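Below is one structure; the comments refer to it alone.
What's counted below: heavy atoms across the whole structure, side chains too, no hydrogens, waters or symmetry copies. For this chain, numbers begin at 1 and follow the sequence in order. These numbers were taken from a predicted model, which means no experiment stands behind them.
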Amino acid sequence: MSTYFNSEVPDIVLKSIFSKYDVDRSGALCAKEMKQMFTEDLGMTEDQAETFRYLLDKDGDQTLTYGEFQQWMRSGDRFKNIEDKSRFYLISQAIEMFKKYDVDGSGTIDKKEFRKLMIDLGAKSKNIKAAFKKLDIDGDGQFSFPEFLKFLNWVPMD
């Protein structure tokens, strides 16, 4: 993906871009603000913007803080998830599956939603509780898309 950003872009530039889209000055970009930033300033398509909205929302709160944005822009894998077509396809498929089971639209999958997913995948009822516990690392009763993607193990994310 052709972009004028690299890992050396000054913090003031990143902060300026982030602030431009943080119209409510909450310190975090909501889904609509993220989509605008990704498409208008980072040159992504709508599908690519949705992919990154899910990938960068580590805690499932459906927002992107400046710290999360800065960390991503400084990482070496900024655009590899959309530049690699097969990787992008697999992540897109995982997003569709995640959305299907995130019935309440919370941006996370809770125990009830996970149970439905696992039963649909043919898992035995007795194994579901242990599988959920393994995924729910922080013990808050839910997990985000990046955790779900790790669970699927379709695309290496480390």
Side-chain angles (χ1 to χ4, degrees), residues 1-85 87-114 116-117 132-133 135-152 154-158:
M1 173 173 206
S2 178
T3 179
Y4 52 89
F5 294 105
N6 63 40
S7 61
E8 305 302 317
V9 68
D11 283 336
I12 193 162
V13 172
L14 294 178
K15 188 68 170 170
S16 174
I17 291 168
F18 187 88
S19 296
K20 175 181 173 182
Y21 294 99
D22 185 15
V23 293
D24 62 0
R25 301 294 176 239
S26 65
L29 302 181
C30 68
K32 181 181 175 185
E33 293 166 333
M34 276 189 268
K35 180 181 173 183
Q36 281 186 287
M37 180 181 69
F38 291 148
T39 58
E40 293 174 13
D41 267 315
L42 299 180
M44 294 182 188
T45 66
E46 289 194 17
D47 287 342
Q48 292 169 334
E50 180 182 44
T51 297
F52 275 100
R53 183 172 68 82
Y54 276 91
L55 286 172
L56 298 177
D57 184 14
K58 303 291 186 206
D59 57 7
D61 67 356
Q62 301 188 41
T63 66
L64 178 68
T65 65
Y66 175 71
E68 291 168 328
F69 173 66
Q70 181 188 40
Q71 180 182 16
W72 171 63
M73 290 302 292
R74 297 273 181 249
S75 74
D77 65 332
R78 288 183 321 278
F79 299 106
K80 80 176 182 184
N81 290 313
I82 57 176
E83 289 172 338
D84 180 326
K85 300 267 188 252
R87 186 179 187 94
F88 179 67
Y89 174 78
L90 290 171
I91 293 169
S92 297
Q93 293 301 302
I95 288 170
E96 291 308 311
M97 181 185 268
F98 185 85
K99 290 189 315 190
K100 176 181 176 182
Y101 291 99
D102 179 19
V103 178
D104 62 4
S106 65
T108 60
I109 291 181
D110 63 25
K111 288 179 185 178
K112 184 179 176 184
E113 293 165 333
F114 183 70
K116 171 78 171 122
L117 171 122
F132 186 84
K133 190 173 183 175
L135 276 168
D136 183 21
I137 296 165
D138 60 6
D140 66 353
Q142 58 193 9
F143 58 90
S144 65
F145 178 73
E147 293 167 312
F148 178 70
L149 193 56
K150 272 188 176 173
F151 163 73
L152 290 176
W154 291 354
V155 179
M157 295 306 293
D158 296 327

Measure the spacing between [atom1] of [X] and [atom2] of [Y] and express it to the nearest 0.5 Å.
X: Leu56; Y: Thr65; atom1: CG; atom2: OG1; value: 10.0 Å
X: Thr63; Y: Arg53; atom1: OG1; atom2: CZ; value: 11.0 Å
X: Phe69; Y: Lys15; atom1: CZ; atom2: NZ; value: 10.5 Å
X: Asp136; Y: Lys111; atom1: CG; atom2: NZ; value: 7.5 Å
X: Leu29; Y: Lys35; atom1: CG; atom2: NZ; value: 14.5 Å
X: Thr45; Y: Glu50; atom1: OG1; atom2: CD; value: 10.0 Å

With a cut-off of 6.0 Å (strictly less than), are more than 12 heavy atoms of other residues, nucleotides or ligands near CD of Glu46?
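Open.
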For atom CD of Gln71, is the number of surrounding heavy atoms from other residues, nucleotides or ligands below 6.0 Å larger than 12?
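Open.
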Heavy atoms, side chains only, cut-off 4.5 Å: are [X] and [Y] in contact?
X: Gln70; Y: Met73; value: no
X: Asp57; Y: Met34; value: no
X: Leu55; Y: Leu149; value: yes
X: Ile82; Y: Phe52; value: yes
X: Leu117; Y: Met97; value: yes
X: Phe145; Y: Ile95; value: yes

Return the set of residues passing side chain to side chain contact (heavy atoms under 4.5 Å, CB included) with Lys133 (not counting sequence neighbours), or none when no residue passes.
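Side chain to side chain contact (heavy atoms under 4.5 Å, CB included) check on Lys133 returns nothing, list empty.
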Sequence neighbours excluded, which residues qualify as side chain to side chain contact (heavy atoms under 4.5 Å, CB included) partners of Asp104?
Asp102, Ser106, Asp110, Glu113
Is any side-chain N of the basic residue among Arg74 and Asp11 closer than 4.0 Å to the acidic one's carboxylate O?
yes
For Glu147 and Ser144, which I'm curious about, is there any donor-acceptor pair between the side chains at under 3.5 Å?
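A pair is found: one side chain offers a donor N or O, the other an acceptor, under 3.5 Å apart.
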Holding to ring-ring contact (aromatic ring centres under 6.0 Å, His included), I want the full list of residues that pass it with [X], two or more places apart in sequence or in another chain.
X: Phe132; value: Phe114, Phe143
X: Phe148; value: Phe98
X: Phe88; value: none

For Glu83 and Lys80, run salt bridge (Lys or Arg N to Asp or Glu O under 4.0 Å): C-alpha distance rounded to whole Å, both residues' side-chain angles, the deciding distance at 0.1 Å, then the answer.
CA-CA 5 Å; Glu83 289 172 338; Lys80 80 176 182 184; over 6 Å; no
Can you list everything that forms a salt bridge (charged side-chain N to carboxylate O under 4.0 Å, His left out) with Lys116? Sequence neighbours excluded, please.
Asp120
Judged by atom type as modelled, is there a donor-acceptor pair below 3.5 Å linking the side chain of Glu33 to the main-chain atoms of Cys30?
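Yes; judged by distance alone, with no hydrogens or angles, the pair exists.
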Using modelled atom types and a 3.5 Å cut-off, is there a donor and acceptor pairing between side-chain atoms of Ser26 and backbone atoms of Asp22?
no
Can you name the nearest heavy-atom pair linking Asp59 to Thr108, along with the distance?
O-CG2, 4.1 Å
Provide the closest heavy-atom pair for Glu68 versus Lys58 in the form atom of the first, atom of the second, distance.
OE2-N, 4.4 Å
ring-ring contact (aromatic ring centres under 6.0 Å, His included) partner of Phe18, the single match among Trp72, Phe38, Tyr66:
Tyr66
